[in-house]
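Convention: sequence-line order gives letters A, B, ...; per-chain numbering from 1. Small disclaimer: the values here were computed from a predicted structure and weren't measured.
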Protein chains: 2
Amino acid sequence: MLPRRRRASSAPGEAEWIDGGAFSDVAITDRQRGILKLIVQEYVQSGRPVGSKALTEKYVLGYSAATIRGEMAELETNGFLQSLHTSGGRVPTDLGYRYFVHLLMEAPELPSGDQIMIRHQFRQVEAQLEQWVELAAIVLAETAKSVSVVTAPRPAIARLRHLEIISLQPRLALLILVTQDSMVRQVMLRWPEDAAQGSLSRLADDLVDELRGLTGNEVQGRIGSATGARRFVIERIASTLTGLDAVEQVEIRHSGLENVLTQPEFAGAESQALLEILRGGGFLSAMLPQLESGSGVQVFIGDENPTSELRRFGVVLATYGVGGEVSGLLGVLGPTRMAYGRSISSVRYMAHLMSGLVSDLYGGRIDDQRSET
Amino acid sequence: MLPRRRRASSAPGEAEWIDGGAFSDVAITDRQRGILKLIVQEYVQSGRPVGSKALTEKYVLGYSAATIRGEMAELETNGFLQSLHTSGGRVPTDLGYRYFVHLLMEAPELPSGDQIMIRHQFRQVEAQLEQWVELAAIVLAETAKSVSVVTAPRPAIARLRHLEIISLQPRLALLILVTQDSMVRQVMLRWPEDAAQGSLSRLADDLVDELRGLTGNEVQGRIGSATGARRFVIERIASTLTGLDAVEQVEIRHSGLENVLTQPEFAGAESQALLEILRGGGFLSAMLPQLESGSGVQVFIGDENPTSELRRFGVVLATYGVGGEVSGLLGVLGPTRMAYGRSISSVRYMAHLMSGLVSDLYGGRIDDQRSET
DNA sequence: CGTTAGCACTCTCGCACTGAGAGTGCTAAT
DNA sequence: ATTAGCACTCTCAGTGCGAGAGTGCTAACG
């Protein structure tokens with residue numbers, strides 16, 4: 001009946017009333033819309049349930065507290081609000097937030113001052129690829145004032161570009177793999193017998209020539225009749241490459257825990273839930289199938305989240321990257337009572353920025369790799 | 001007068017009374033020692049100030065609560081204990097903890113069951129170097145039941161082993177540096193003019209031949225009369241290598257926040273202090289000068305810490321690595337009221353384990369680098 | 001007929017108060 | 001030297017209470 005999840009308004013500036021059809025079967029008047037909007041904003045800001053009197057005192061409305069009470073009662077029966085106690089104000093339900101995000105909220109562009117500052121920070125570390133993700137997490141946490149999560153950009157599928165084998169000890173060597181998308185992995189190799197650097201280097205050169213541009217599965221297919229050290233190394237290359245494609249391998253950076261842990265709802269055990277979510281790779285593998293890549297900023301509120309641990313959280317996510325080729329994911333995590341407008345603005349801008357950076361690196365050069373050594 | 005900081009007992013098993021000389025100018029009887037030990041243990045476990053009566057009820061001692069009161073009073077005047085309120089028991093001071101750690105505590109070896117489990121986990125990821133540090137942080141946090149910090153092993157000084165330049169776009173290239181200690185760094189290069197992959201590869205080959213084995217400063221010295229792209233690349237190599245030597249570049253992994261944030265002393269703003277410490281590189285640069293490398297597990301309690309943000313924390317640290325050549329740092333962070341014995345055992349074992357792993361990689365092959373390509 | 005003021009009622013929250021429990025120092029007896 | 005006893009202090013949990021805020025209902029109003 002109602003949409004479980006929808007893309008956020010992508011038009012900066014005014015709230016959009018277009019496509020209200022999804023909610024149109026619910027009777028909700030303009031005035032109720034206005035009141036709902038105020039309640040969400042107020043509750044997000046204060047964290048305390050909001051009542052009719054408080055609204056009339058804080059805002060100049062054309063009608064009185066009693067009227068608001070009536071409207072609030074109706075909003076409650078329609079499922080947009082709920083009252084925690086008989087007295088003491090009301091708070092939005094997940095549906096209330098959803099309606100707010102979908103139809104009432106504004107998510108303007110980030111102030112140009114912020115944009116300039118952020119771009120400046122990125123220019124500082126532009127050269128060091130390793131720092132991009134870290135910086136993105138930090139900046140996103142700061143602008144959204146929430147916990148941010150960012151993954152490194154990943155190719156849809158890893159292909160070998162270069163490898164080196166470095167002898168460390170007679171029976172120990174280090175295999176360095178570089179993929180076409182500039183990911184680097186180091187793998188330790190233990191030989192059953194002594195191996196000299198010379199033969200290892202030759203082996204490496206051979207393998208580069210033979211395996212360049214191949215995926216993990218294709219490398220696996222090349223094992224063929226290879227034997228001994230050569231076979232062993234090829235197997236390792238294959239498994240490392242396929243490992244890179246696995247979702248579980250993706251590391252999430254996060255930042256800004258302090259923005260959220262100090263909020264009242266995270267006083268007790270709730271903070272543990274948050275840390276748990278951020279720790280394992282579970283968050284990612286739960287979220288990924290929900291994301292239609294390239295579809296802009298997506299918002300998950302409370303029960304809309306795929307796992308029950310996230311039931312009390314709001315998640316604002318976007319993918320970034322170039323086409324379907326290389327992509328990462330970034331977003332913001334907070335209590336359902338979070339500032340969705342600001343979060344969406346921040347996430348949208350950061351996704352845009354990171355896409356730009358990544359496309360500088362990888363854009364339009366997917367197939368001209370074999371040209372030179 | 002009193003030592004500000006001392007190495008922890010490194011003899012597994014019994015507490016050591018040797019070298020008590022440092023504290024010997026303070027009059028403290030055997031019975032007081034026993035009482036102090038009990039108080040620290042009790043307080044660490046319960047988190048509540050401990051009183052005389054509670055001790056007699058919990059333990060079978062040869063004397064009564066009144067006697068304990070007398071001894072506790074004396075311990076307080078000597079600075080080992082302090083009472084937070086007129087009534088309500090006493091808690092150890094920093095000095096009390098220090099005495100406990102130095103002379104009263106046992107830090108036995110980790111149970112062999114734990115050791116086996118840990119080694120098993122490491123065997124699983126042995127091949128993936130990137131995962132060692134991560135796993136070390138996780139395991140350390142688990143065994144010490146506290147927040148762990150681990151840095152990746154770093155060479156004392158980075159020397160170039162290999163480099164590659166990969167053309168991404170006409171004016172954009174990626175420089176991949178590999179140091180002799182197998183660290184890999186990726187640097188983006190923007191050219192003022194178009195450059196073909198062919199010339200870049202030749203440039204890279206040239207530079208490898210010329211710069212292999214050199215440190216950042218030495219590379220800097222080789223700039224000489226080089227011009228154009230060549231000069232630009234050399235400069236970047238030099239600055240990246242020197243950057244690797246900088247302490248600020250070191251990344252700390254941490255794990256186990258949940259072990260500590262749920263404890264009573266971190267209910268409020270204190271948690272923010274902890275997150276702050278773990279965030280920036282400040283922690284490391286403050287701690288490093290305090291550490292005599294290779295001297296085993298070191299313990300810093302409260303005011304013994306170099307920075308004031310750490311005043312309410314206890315820190316148990318050890319370096320690991322091979323000789324003075326390659327080293328990292330790992331340890332545990334917690335409230336001053338932490339289980340020092342368990343922490344020291346865990347840190348000691350993990351340092352030992354990581355040293356073993358690192359020495360497999362880097363051991364005794366510091367100077368035979370130029371032999372082959 | 002929608003809107004609003006008024007009213008009685010409910011619930012939370014902060015505050016003061018209280019008694020139990022625990023700890024302390026002191027002293028006199030052992 | 002050790003200890004039992006005692007008077008005193010302080011914390012903490014529980015209780016009661018009043019203020020404040022919110023609610024639903026109803027009657028009056030434009």
Side-chain angles (χ1 to χ4, degrees), chain A residues 27-36 38-43 45-93 96 264-265 267-268, chain B residues 27-36 38-43 45-93 96 264-265 267-268:
Chain A
I28 183 168
T29 67
D30 273 12
R31 194 166 65 187
Q32 283 170 9
R33 266 191 274 270
I35 289 173
L36 177 57
L38 283 183
I39 291 176
V40 173
Q41 287 173 344
E42 195 63 23
Y43 180 60
Q45 202 207 328
S46 75
R48 284 191 303 271
V50 15
S52 56
K53 204 180 293 180
L55 279 186
T56 56
E57 279 161 11
K58 187 149 179 183
Y59 301 94
V60 186
L61 306 167
Y63 33 84
S64 77
T67 311
I68 297 182
R69 279 201 284 282
E71 302 289 36
M72 283 168 84
E74 198 166 341
L75 283 170
E76 183 163 359
T77 62
N78 280 334
F80 295 105
L81 297 179
Q82 76 187 103
S83 35
L84 272 41
H85 314 286
T86 353
S87 161
R90 289 175 165 96
V91 302
T93 60
E265 36 263 88
Chain B
I28 184 168
T29 66
D30 272 12
R31 193 166 65 186
Q32 283 169 11
R33 264 191 274 271
I35 290 173
L36 176 58
L38 282 183
I39 291 175
V40 173
Q41 287 172 344
E42 195 63 22
Y43 181 60
Q45 201 208 327
S46 74
R48 283 192 303 270
V50 13
S52 54
K53 203 179 294 178
L55 279 187
T56 54
E57 279 162 9
K58 186 147 180 185
Y59 300 94
V60 186
L61 307 167
Y63 34 83
S64 77
T67 310
I68 296 181
R69 278 201 285 282
E71 301 288 36
M72 281 167 87
E74 198 165 341
L75 282 170
E76 182 163 0
T77 62
N78 280 334
F80 294 104
L81 296 179
Q82 77 187 102
S83 35
L84 271 40
H85 314 286
T86 352
S87 159
R90 289 176 166 95
V91 302
T93 59
E265 37 263 86

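Considering only side-chain N and O atoms, A:Thr86 lies nowhere under 4.0 angstrom from the phosphate OP1 or OP2 of D:dT23. For D:dT11, the OP1/OP2 oxygens have a side-chain nitrogen or oxygen of B:His85 closer than 4.0 Å. Within the 4.0 Å cut-off from OP1 or OP2 of C:dT24, at least one side-chain nitrogen or oxygen of B:Arg90 is found. In this model, the phosphate group of C:dT3 is approached by a side-chain N or O of A:Arg31 to a distance below 4.0 Å at OP1 or OP2.
Distance, B:Lys53 NZ to D:dC8 P: 16 Å, rounded to whole Å. Atom-to-atom, CZ of A:Arg48 to C1' of D:dA21 comes out at 11 Å; the value is rounded to the nearest Å. Atom OH in A:Tyr63 sits about 23 Å away from atom P in C:dC1, given to the nearest Å. The distance from atom NZ of A:Lys58 to atom C1' of D:dA21 is 16 Å, rounded to the nearest whole Å. Regarding A:Met72, its CE atom lies at a distance of 9 Å from the C1' atom of D:dG22, rounded to whole Å. For B:Tyr43 and C:dA22, the OH to P distance is 19 Å, given to the nearest whole Å. Computed from coordinates, the B:Ile39 CD1 to C:dA22 P distance equals 17 Å when rounded to whole Å. Rounded to an integer number of Å, the gap from A:Ile68 CD1 to C:dG2 P is 18 Å.
Nearest nucleotide to the A:Thr67 side chain, out of C:dT4, C:dC26, C:dC7: C:dT4. With C:dG23, C:dT24, C:dA5 as the choices, the nucleotide that has an atom nearest any side-chain atom of B:Ser87 turns out to be C:dG23. Checking D:dT23, C:dG25, D:dG22 against the side-chain heavy atoms of A:Ala54 singles out D:dG22 as nearest.
When each of B:Gly88 and B:Ser64 is assigned the nucleotide of DNA chain D bearing its nearest heavy atom, the one mapping closer to the 5' terminus is B:Ser64. Mapping A:Ser52 and B:Ala66 onto DNA chain D by nearest heavy atom places B:Ala66 at the nucleotide closer to the 5' end.
B:Phe80 has its side chain within reach of B:Ile28: a pair of non-hydrogen atoms, C-beta onward, lies under 4.5 Å apart. By the 4.5 Å heavy-atom criterion applied to side chains, B:Tyr63 and B:Arg31 are counted as neighbours. Looking only at side-chain heavy atoms (C-beta outward), B:Leu38 and B:Leu61 come within less than 4.5 Å of each other.
Looking at A:Tyr59 and A:Glu42, their side chains do bring a donor and an acceptor atom within 3.5 Å of each other.
Of the listed residues (A:Val91, A:Leu36, A:Val40), just one forms a side-chain contact (heavy atoms from CB on, under 4.5 Å) with A:Leu81, and that residue is A:Leu36.
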